[in-house]
Structure formats: C-alpha cells, structure tokens
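Dropping a structure here in structure tokens format, bear with me for questions.
Just so we're on the same page: letters track the sequence lines, and every chain starts at 1.
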Amino acid sequence: MPGELYIFNSLTRKKEKFEPYNPPFVGMYVCGPTVYSDIHLGNVRTFLSFDVVFRYLIYLGYKVRYVRNITDVGHLESDADEGEDKISKKAKLMNLEPMEVVQKYTNEFHNVLHKFNILPPNIEPSATGHIIEQIEWVKKLISEGLAYEVNGSVYFEVNKYNKKNHYGVLSGRVVEELMESGRELDRQEEKKEAIDFALWKKASEGHLMRWNSPWGIGFPGWHLECSVMSTKYLGDTFDIHGGGMDLKFPHHECEIAQSVSVTGKTPAKYWIHTNMLTVNGQKMSKSLGNSFLPEELFCGSHPLLDQPYSPMTVRFFMLQSHYSSTLDFSNEAMKAACKGYKKLINGLRIIREMQYENPDAENPENEQLVIQIQKIIDACHNAMNDNFNTALTIGHLFTLLKRINALHNGLLSFSEVGTETFDKLKETYIDFIVNVLGLKEEKPEDISQFLLPLIELYKDAKFNRQYEKVDKIRASLKASGIVLKDMKTGVDWAYEE
RNA sequence: GGUGCUGUGGCCGAGCGGCUAGGCGGAGGUCUGCAAAACCUUAUACAGCGGUUCGAAUCCGCUCAGCACCUCCA
C-alpha cells in the first residue's frame, strides 16, 4: 500500500503532505498553451510533467478533475500589455480567420501530446468560450474598487490590492521594489502604474478579435481567463495549480490577485511549477532559435540533432530527471536514453508474458531475495510519493528489471522468489511503467522491413521444398494479418481481407 | 540592479548529515556455434577555499562559474 504523498508547494516553498480539500476528489488546473504556433519540446516537458502528476494521483485512487485551458485570445505580443494579440497577428499573417489559427494549432497540440502518450484533461476550456464570464469578473473587480477603466480598457490596480493583500506571495516579489526597479516604463500612458495589468483591452480598428462589453468593443486580458475558468470548473478553492516556472510571474501572481479579489480566497492549495528544458545550458525558447518541434525530433531533421528520436525515448529521457530541475538536451543524453528506454521496455514485454512456473524443490524461497524485492517495490512508491521523483523510480525499476531478466533466462528460479512476491513484482513493474510513467511499447509501424527478409526466407524454403518451414512462415504472417501470394512474377504480400 | 536556482565520475542524472542510486559509455567475467541480449564483478565523483559536526556531496560562510525570472514565453 502506497504511503503518503508529499508535494513541493511553490506557494509555501516547502514540501507538504498532500491533503485534498475533498477526498477522494482532486481538482487540478494547469495553464495550457497559447495556440498561435506549434509547440516545441520545452512546452512538451511541462505537459508531460503534469501528465505524470495526473497519472499518479489516479494511480493512488483519487478521482481527479484535470482542467487545462487553451489560450486563444488575449495573449499579447510585447511587453506591458502593449502590442498585438498573438493570435490576431498570426491570423493576419496567414490570411486566416483567427479561429482557424486557433483550430489549426489546437489540433496540432493534441496531436503532439497524443504521440507522447500524454492523457487528455477532463475539461479543456478556451478563453474565447468564456468571454461572458470574464466580463462578469471585470465588472466585479471594478465594483470592488480594484480595477479602473481608461479609454475602453480596464486595468487591475495592483497597489490598491496590495494594501490589504500581498501581491507577490507566490514569486517573492515586493510591490515597492517592482515599481522602483522596473525597466523603462514610459509607454504606459493609460495605466496608473506600470505594474497594473490589463483585464480588458480596447480593440483597435484593425484588431480581428473583438467582443462587445460595457466598456466598448474589446477583448479580455491574458491573466483573467485562468482565474475565471479554474474557479468555474473547480470551485473557488481547488487542490493543485500548475504551470511552467516562467509563468510564476507575472501570470500566476496576477491570477491569484484576481481570484482573491473576487472570491476572497487563494484559489489553489498547492502550486506546482515545472522547470525548463535547456539546450547547451540555455532555456529552449522560440525567440532564441534553439527550439525544435516534436516533428523535427521524430525525423531528426533539425541541425541540432544527429539522428531521429522516438516519442517514448523523449518521454523516458524527460522522466529520468526531476520536473523541478532544469534538464539539458543533448544528442549524447538522448542516445543513452534511447538504450535505457529499450531495456526497460523489453522487460515489460517479458514480464507481461511471464507466468510463475515450476516450483522447484531444490531452490526454496530465498528470504533475503524476497525481502530485497519487497524493499525495492516499496521504494518505487516512496520515490513517487516524494514529490513525484520519477528519476528515482526509474532507478528502482531497473533494479527490478535485473530480477525479471534473471527469471527470464533461468539464472533465477521462480521458487526462489515465491508466488506472492512474483505477483507483486509483476504488478508493480507493469503498473509503474504503463500507468504511472506512461511509457509504452513502440512497435515498428513499417512492417515491410520485417516482411522483406521474411519473404526471402520463404522463397528459399520453397525452393528447397522445406514445406514445413514454408507453412510456418505463412502461418506466422497470417497471424499478423498478412497473407503471402505466390504469383508467376514472384512472391507478393497483401493485408488479409 | 532586484529575486531565486544550479554546479555530482567520460556523458546524462538522483541523492539533501552516516548506508552501492540508476541509465549510457569503459574494463573483466559467465552464457553462446558466432554474435546479440541477459546476468555477475569492477574502475572513475561530488566547482574551489574555509567552518560546524564523532561524521558533509548533503548544513553555514566566502570565492569562482553558469542559469532563470523581473518583458511574450511551458
């Protein structure tokens, strides 16, 4: 039985015992992508990290409602609430309707996550689907006296909020310092203070995404959607809120300020922030030009890559580090991960088929061994319970794998392990790899690479009149849905109809 | 300038006061027609300098190197 789960809470900067508000239910909100372009591998890391959190909570028996949003409006291009909306800009560039851009990249996003075996969330709300709710929130914030309207835009007044609350609880920032040490902030004609942030922006003439509001035609600010949607689907208070490190400030800070202002409560109990994927020690990001797309990775087409890497290799690679550490991408590390992954997954194939067999009186149950295996099984749980330490878990799984392989090739007899321990070993290994870590077998799709040499064998056997062999090959292919066809022109194959 | 983080053997990467992490790679061995796989054994570490402690990779101080956030970013 797994013990207690501890989570590092960014809000308190401490590891805390996980006690959901309303067990067995758990509410988890994770900030999703802005769908204005393809997601890169760094983005994938974040969603992968939360996928494991989601999976492990389910594994522990919680009923999880996982909400991950799609940002399809309001995310501005340049600094300090100025500049164009990212989606809007892309739409102009591609000569598409903004919602076409949104759909295109949302589809792509789903596609990519699916390849990495990342489970879909239970609810995936979009910002544009919640304009009405967002307008309601802006109204509330104005009536609370914490927001003000200027020229058809509405801003959150951070200073005022900070009098009664602490703007900066999460990121450890102090408002006074923020105001002093800010960068050139001369462009903020509208705002009272540079640190104020937009709740609603007036749409200029050419702006493509526009909605009617009490303040005129406009669109919602970026931070608002998460406050609105998280509380709508998970309640004023919920258990886990997650996102990448780089969202901590200002995005999550603003979110807290908004939610506290409207509901009077800090929205989430546990905040989880995942760390960045780096390349040569630098954060992977589009602007630095060191990012690559999952698709480029799968076919090895990017200059930084010297070979293709499969989705599960990448998944394994990422799980070998802790979500809270930076992870550096390199070809060497990926190649090592590729081998490691295959080793682990070969073990999965073996143990799935393996049955306890042949009790053997000469080798009675080895008490030491049994204790050792039990200990490692417990260690797997303990590792995951300790703030989702997937790297350690994998380490333990490799130790279990040694026993599995030894059983497989007869270096260890089943009776030494005993039925009970064997069952537990099998269950743990499969459960952790498949359900918790979300790793799966990658069966080669291109069957032709097996087919051709097999067909050669078939021809040889036929030529030598080894019909037993011929029939065997035929049967085995048939089992895979392939039929061989003897024709005058040679041997061909077809999918069985 | 402010806030925070990191520095582990050839590479990646856990560990956060005493006990072999692990993977890849290296060396030796077992098995095998050969090979591969697998199994067993093994070497190579905690950026530097001080301090606390019976004991430090792990705590404290300083130094050096690097990163992230403070602007859009997962």
Exercise. Are any of the side-chain nitrogens in A:Asp386 or A:Lys15 under 4.0 Å away from the carboxylate oxygens of its partner?
Worked result: yes
Exercise. NA contact type, A:Gly42, heavy-atom cut-off 4.0 Å: base, sugar-phosphate, or nothing?
Worked result: base
Exercise. Rounding to a whole Å, what distance do you find between A:Arg13:CZ and B:rU3:P?
Worked result: 13 Å
For this session: Would you tell me whether A:Lys248 and A:Ser10 have side-chain atoms, one donor and one acceptor, within less than 3.5 Å of each other?
Result: no
For this session: Run the ring-centre check on A:Tyr270 versus A:Phe18 and record whether the distance is less than 6.0 Å.
Result: yes
Seminar exercise, completed: Expected string for nucleotides 18-34 of chain B under the B/S/- scheme (protein heavy atoms, under 4.0 Å, primed atoms plus P, OP1, OP2 as sugar-phosphate) is ---BBBSS---------
Exercise. Nearest-Å distance, CG (A:Leu327) to P (B:rU6)?
Worked result: 16 Å
Problem set entry | salt bridge (Lys or Arg N to Asp or Glu O under 4.0 Å): pairs with one or both residues in residues 321-330 of chain A, sequence neighbours excluded | none
Exercise. Using a cut-off of 4.0 Å on non-hydrogen atoms, how would the nucleic acid contact of A:His322 be classed: base, sugar-phosphate, or nothing?
Worked result: sugar-phosphate
Seminar exercise, completed: From the list A:Lys192, A:Glu190, A:Glu193, side-chain hydrogen bond (donor to acceptor under 3.5 Å, both in side chains) with A:Tyr155 holds only for A:Glu190
Exercise. Which residues satisfy the ring-ring contact (aromatic ring centres under 6.0 Å, His included) test with A:Tyr6, sequence neighbours excluded?
Worked result: none
Exercise. What do you reckon, are the aromatic ring centroids of A:Phe329 and A:Phe292 less than 6.0 Å apart?
Worked result: yes
Exercise. Between A:Tyr36 and A:Ser330, which is nearer to the 5' end of RNA chain B once each is assigned its nearest nucleotide?
Worked result: A:Ser330
For this session: Starting from the 5' end of RNA chain B, give me the residue, A:Arg403 or A:Arg173, whose nearest nucleotide shows up first.
Result: A:Arg403
For this session: Would you mind checking if A:Lys115 and A:Glu295 are paired as a salt bridge, meaning a charged N to carboxylate O distance below 4.0 Å?
Result: yes
Exercise. Looking only at atom P, what distance separates B:rG66 and B:rA57, rounded to whole Å?
Worked result: 26 Å
Problem set entry | Rounded C1' spacing from B:rG61 to B:rG23 in Å | 36 Å
Exercise. Do the side chain of A:Asn9 and the main chain of A:Lys269 share a donor and acceptor less than 3.5 angstrom apart?
Worked result: yes
For this session: Apply side-chain hydrogen bond (donor to acceptor under 3.5 Å, both in side chains) to A:Ser227 and A:Glu255, showing your working.
Result: CA-CA 5 Å; A:Ser227 284; A:Glu255 221 184 300; 4.8 Å; no
Exercise. On a whole-Å scale, what distance lies between the P atoms belonging to B:rG9 and B:rC70?
Worked result: 31 Å
Exercise. Looking at B:rA74, B:rC72, B:rG13, which one has an atom nearest to any side-chain atom of A:Leu247?
Worked result: B:rA74
For this session: Measure from the ring center of A:Phe432 to the ring center of A:His396 and say whether it is less than 6.0 Å.
Result: no
Exercise. OP1 or OP2 of B:rG15 sitting under 4.0 Å from any side-chain N/O of A:Asn389?
Worked result: yes
Exercise. Rounding to a whole Å, what distance do you find between A:Lys342:NZ and B:rA38:C1'?
Worked result: 17 Å
Problem set entry | For atom CG of A:Asn290 and atom P of B:rC67, their distance in whole Å | 12 Å
Exercise. Checking all strands, does A:Met276 fall into the base, sugar-phosphate, or nothing category for heavy-atom contacts under 4.0 angstrom?
Worked result: base
Exercise. Between A:Lys335 and A:Asp306, is the closest basic N to carboxylate O distance under 4.0 Å?
Worked result: yes
Problem set entry | B:rG51 to B:rG4 separation - C1' atoms, rounded to the nearest Å | 25 Å
Exercise. When we call it a touch if two heavy atoms are under 4.0 Å apart, what does A:Ser49 touch: a base, just sugar-phosphate, or nothing?
Worked result: nothing
For this session: For A:Met284, answer base if it contacts any base atom (sugar-phosphate contacts may also be present), sugar-phosphate if it contacts only those atoms, and nothing otherwise; contact means non-hydrogen atoms under 4.0 Å.
Result: base
Exercise. Are A:Asn405 and B:rA38 close enough that a side-chain N or O sits under 4.0 Å from OP1 or OP2?
Worked result: no
Contacts under 3.5 angstrom, residues 42-52 of chain A side chains, donor-acceptor by atom type, not counting sequence neighbours:
from: A:Asn43; atom 1: OD1; to: A:His40; atom 2: N; distance (Å): 2.7
from: A:Arg45; atom 1: NH1; to: A:Asn275; atom 2: O; distance (Å): 3.2
from: A:Arg45; atom 1: NH1; to: A:Met276; atom 2: O; distance (Å): 3.0
from: A:Arg45; atom 1: NH1; to: A:Ser325; atom 2: O; distance (Å): 2.9
from: A:Arg45; atom 1: NH2; to: A:Ser321; atom 2: OG; distance (Å): 3.2
from: A:Arg45; atom 1: NH2; to: A:His322; atom 2: O; distance (Å): 2.9
from: A:Arg45; atom 1: NH2; to: A:Ser325; atom 2: O; distance (Å): 2.9
from: A:Thr46; atom 1: OG1; to: A:Thr274; atom 2: OG1; distance (Å): 3.4
from: A:Ser49; atom 1: OG; to: A:Arg45; atom 2: O; distance (Å): 2.9
from: A:Asp51; atom 1: OD1; to: A:Leu119; atom 2: N; distance (Å): 2.9
from: A:Asp51; atom 1: OD2; to: A:Arg55; atom 2: NE; distance (Å): 2.8
from: A:Asp51; atom 1: OD2; to: A:Arg315; atom 2: NH1; distance (Å): 3.1
from: A:Asp51; atom 1: OD2; to: A:Arg315; atom 2: NH2; distance (Å): 2.8

Exercise. Over how many whole Å does the gap from A:Met245 atom CE to B:rC70 atom C1' extend?
Worked result: 15 Å
Exercise. B:rA43 and B:rA47: how far apart are their C1' atoms, nearest whole angstrom?
Worked result: 23 Å
Exercise. Rounded to the Å, how far apart are A:Gln282 CD and B:rG7 C1'?
Worked result: 17 Å
For this session: Please work out if A:Leu277 contacts a base, only the sugar-phosphate, or nothing of the nucleic acid, heavy-atom cut-off 4.0 Å.
Result: base
Seminar exercise, completed: A:Leu293 atom CG is separated from B:rA74 atom C1', nearest whole Å, by 15 Å
Exercise. Residues from residues 365-377 of chain A sitting under 4.0 Å of RNA chain B, heavy atoms only?
Worked result: none
Problem set entry | Distance in angstrom units between A:Lys283 NZ and B:rC72 P, rounded | 11 Å
Exercise. So what does A:Thr274 touch, heavy atoms closer than 4.0 Å: a base, only the sugar-phosphate, or nothing?
Worked result: nothing
Problem set entry | P gap between B:rG13 and B:rU8, integer Å | 9 Å
Exercise. Salt bridge check: are A:Arg352 and A:Glu441 linked by an N-O gap of less than 4.0 Å?
Worked result: yes
For this session: Take atom C1' in B:rU58 and the same atom in B:rA14, then report the distance between them in whole Å.
Result: 13 Å
For this session: Using the P atom on both, measure B:rC16 against B:rU6 and round to a whole Å.
Result: 13 Å
For this session: Dot-bracket for RNA chain B, please, read 5' to 3', with Watson-Crick or G-U wobble pairs under 3.5 Å on both distances, ( ) within the strand, [ ] crossing, | other strand, . unpaired.
Result: ((((((((.[[[..)..(...]]].(((((.......)))))....[[[[[..)....]]]]])))))))....
Exercise. Reckon A:Thr326 has a side-chain N or O less than 4.0 Å from the OP1 or OP2 of B:rC5?
Worked result: no
